[in-house]
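Sequence lines set the chain letters: A, B, ... in the order given, protein chains first and strands last, and positions in each chain run from 1.
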Protein chains: 2
Amino acid sequence: MTYTLEQVAKIAGVSRSTVSRVINQQPHVRPQVQERVWEAIRQVGYQPHAAARSLATSRTHVIGMIIPEAVPTLFTDPFFPLLLRGATEACNSHRYQLMLSLFIPGADRQEIYRRILRSGYLDGAIVASASLDDSLVPNLLRDRIPFVSVGRYPNGRVHYVDADNINGARMAVEHLIRLGHRRIATITGPLDMIAGQDRLSGYRQALEGRGIPVEEELIVEGDFSENGGMAAMQRLLPASPSAVFVASDTMAVGALKALRQAGWRVPQDIALVSFDDIPIASAIEPALTTVRQPIERMGAMAVAVLLSLLEDSSGEESPVQRIVMPTELVIRASCGSALSRS
Amino acid sequence: MTYTLEQVAKIAGVSRSTVSRVINQQPHVRPQVQERVWEAIRQVGYQPHAAARSLATSRTHVIGMIIPEAVPTLFTDPFFPLLLRGATEACNSHRYQLMLSLFIPGADRQEIYRRILRSGYLDGAIVASASLDDSLVPNLLRDRIPFVSVGRYPNGRVHYVDADNINGARMAVEHLIRLGHRRIATITGPLDMIAGQDRLSGYRQALEGRGIPVEEELIVEGDFSENGGMAAMQRLLPASPSAVFVASDTMAVGALKALRQAGWRVPQDIALVSFDDIPIASAIEPALTTVRQPIERMGAMAVAVLLSLLEDSSGEESPVQRIVMPTELVIRASCGSALSRS
DNA sequence: ACACGTTTTGGGAGCGCTCCCAATTTGATT
DNA sequence: AATCAAATTGGGAGCGCTCCCAAAACGTGT
């Protein structure tokens, strides 16, 4: 048996409106009456009907997590799961719900977009790692759907949360420089993603900061996948760098395989530093020196920013929130470093 | 500007009802009128309002993915992400949405349960890896909420989808026996999870099937985590088994560390077989021989079963669906096996 | 041209809630 | 005891859709 407001009201001997006020913690209900209403609610285990509420308030208390591309690594890499976990926990504690949407290549994106974003299912959305030329962000902007991007989005009035990829990469490469390396290569992420671009910028900044010339033959584009990392490393071998900054741990695993095949030892023959600090980074031999980003906190932060947009019913253009969270260099064995010096 | 049925109807020169019929593909609308209506819909980009629909039909077209415990490994291990991915894709293609709920320890489970499951947000739910003594499943049963469990649930009228853990484990252990091992230990999963129990059953069955006595000192309980695997392996060392069946890859990584510390070589001194085939299994040295389960397909199957329950509005007790999906042994280096023989 | 059965169409009611306004009660003040 | 403002309460309207039933239109056979 499922009860309605009206029935609870009858049991408590008050009107619909009064019960509604009690539930929504509105003022103007005598404490004594409140008590009676709560008692009735408890008695029948009343739970307000979400759809009816939404219809009346045009708020659903649901936010969407939108993944525009099923990047191959997206589900084997813990980035996305951790982001999801952070976001879900934050939602839980604010009494919001998280709805998950994958915009899988091949699916009818138009159709999905309309069904999810324009049917009033969601109060707002979190967009994870959109590529820069994806139409999703422009569409959301056009339809005035409140959203937050996880991953920097330089153009337009886009609220975002990101890790400090530039400084993280810079720290990683500076560490290699400090260890005496001069011929430092990099395997980048896909350069149509801002994370790929930013990590490359950090690499350049580190070299330029120390007056080391950037050689284009030492820069190879990868795709954040293990195979991509392996292929990139193979292309890099002829240039014989003394160290490599790999833009993700997953690619570093591939690079390691390529090096092993070619008979190079890490870190003796070549030093490796990567990015992400996923569990495999410490499980593998040699353990990877890598840049850690606070993924779970980024998920929670994205929710917090989105909710602030939703609460702020002033209607008008709130200032754009751009949040960059600090990254941290975790030193292990693959750079052949501090461990041996300290 | 967002349009309603009524407004679209006016544009098409028909009534609300007719537009509703067209959208829901009901009969009794002349083709010529249908065309006019579709034209109007297209013209204004009309999208039905989800909440209004739900209120009228008491169907939301949303199903929930409920994770009862935030098992530590749950988000670093790709099991859950892959399950999610399979489920999400299946939802997409049936025009359903997936809502994600974590029942995080410490959160007010009662409150979350009521808010999510009893407010009419969901048409049904998928429950992932519930522990056997969790109250979630009994509650769902009591509240008559349609749901499917991912993970076998032996008691009661519970629909479930699971991997064939028993046979998978049996195959793994039989492989070790075939390689000549007799003193085979196991590191189990948590035994309050049915997956933990079943993998242990498979281990026992394999031994018993070959007439090898099961020795309790060779059975150690782990918890599916890396640290748990390491600790379990350490407890196992004094019994000096010649092979170990570890109930998950993640635990195998831990076990490997323990063995390395103790100076045992794998597979020369001890053979290892594990379960799951997550990416780390092939990235690590030695690559793990392991049992693969079709996680993504299990997610999709869970959705399919749930939708079949939802469609079947006959109301009454549909026969319980118990689906067990085949597992497969993937032979690599850690068992010191076929590779050297073939 | 009429009657009758069938198909197509329109509109009222209702899903369960919130919001607003008007009616009622309360209580402080004279 | 009467007055008035403020606090409290009740009920109508409406959110946007579906469902049902009755009305209208259509088509066939006489």
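Among the protein residues, A/Q34 comes within range of no part of the nucleic acid, since none of its heavy atoms lies under 4.0 Å from any strand. Within the nucleic acid shown, A/Q32 has no heavy atom closer than 4.0 Å to any nucleic acid atom.
The side chain of A/H49 lies closest to C/dC17 when the candidates are C/dT18, D/dT18, C/dC17.
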What one-letter contact string describes nucleotides 5-13 of chain C from 5' to 3', where B marks a base within less than 4.0 Å of any protein heavy atom, S marks contact via sugar-phosphate atoms alone, and - marks no contact?
---BBBBBB
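Between the side chain of A/Y121 and the backbone N or O of A/G64 there is no donor-acceptor pair closer than 3.5 Å.
When the P atom of C/dT18 is taken as reference, atom CD of A/Q25 falls 12 Å away, rounded to whole Å. In this structure, the NE2 atom of A/H61 is 11 Å from the P atom of C/dT18, given to the nearest Å. Taking atom CD on B/Q7 and atom C1' on D/dC17, their separation rounds to 13 Å, with Å as the unit. Counting to the nearest Å, the P atom of C/dC15 and the CD atom of A/E6 are 10 Å from each other. Rounded to whole Å, the distance from NZ on B/K10 to P on D/dG16 is 14 Å. For A/I23 and C/dT18, the CD1 to P distance is 7 Å, given to the nearest whole Å. Whole-Å rounding puts the B/L55 CG to C/dC15 C1' distance at 4 Å. The CG-P distance, from A/L5 to C/dT18, rounds to 6 Å in whole Å.
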Atom pairs and distances, donor-acceptor, side-chain atoms in residues 10-19 of chain B, under 3.5 Å, two or more places apart:
unit_1, atom_1, unit_2, atom_2, d
B/S15, OG, B/S17, N, 3.3
B/S15, OG, B/T18, N, 3.4
B/S15, OG, B/T18, OG1, 3.4
B/R16, NE, B/E6, OE1, 3.2

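Applying the side chain to side chain donor-acceptor pair (under 3.5 Å) test to residues at least two apart or on different chains, the pairs with a partner in residues 42-53 of chain A are A/N24-A/R53, A/E39-A/R42, A/Q47-B/R114. Here salt bridge (charged side-chain N to carboxylate O under 4.0 Å, His left out) pairs that include residues 18-29 of chain A, with residues two or more places apart or in two chains, number zero. For residues 296-307 of chain B, the salt bridge (charged side-chain N to carboxylate O under 4.0 Å, His left out) pairs, not counting sequence neighbours, are B/R85-B/E296.
By the salt bridge (charged side-chain N to carboxylate O under 4.0 Å, His left out) test, A/R142 pairs with no residue at all, sequence neighbours left out. Legend: residues meeting ring-ring contact (aromatic ring centres under 6.0 Å, His included) with A/H159, ordered by chain and number and at least two apart, are absent. Under the ring-ring contact (aromatic ring centres under 6.0 Å, His included) criterion, B/Y96 pairs with B/H61, sequence neighbours left out. Residues meeting the side-chain contact (heavy atoms from CB on, under 4.5 Å) test with A/A56, sequence neighbours left out: none. Annotation: salt bridge (charged side-chain N to carboxylate O under 4.0 Å, His left out) contacts of B/R152 (sequence neighbours excluded): B/D198.
Heavy atoms only, all atoms of each residue included: A/R109 and A/P68 are closest at NH1-O, 3.5 Å. For A/A128 against A/M65, the heavy-atom pair with the smallest separation is CB-SD, 4.4 Å.
The rotation axes computed at either terminus of the helix from C/dA1-D/dT30 to C/dT30-D/dA1 lie 50° apart, taking five pairs at each end and rounding to 10 degrees.
Residue B/S58 has no polar side-chain atom (N or O) positioned under 4.0 Å from OP1 or OP2 of C/dC15. Taking only side-chain nitrogens and oxygens, A/Q26 comes nearer than 4.0 Å to OP1 or OP2 of C/dC19.
Near DNA chain D, meaning a heavy atom under 4.0 Å away, the residues from residues 38-48 of chain B are B/Y46, B/P48.
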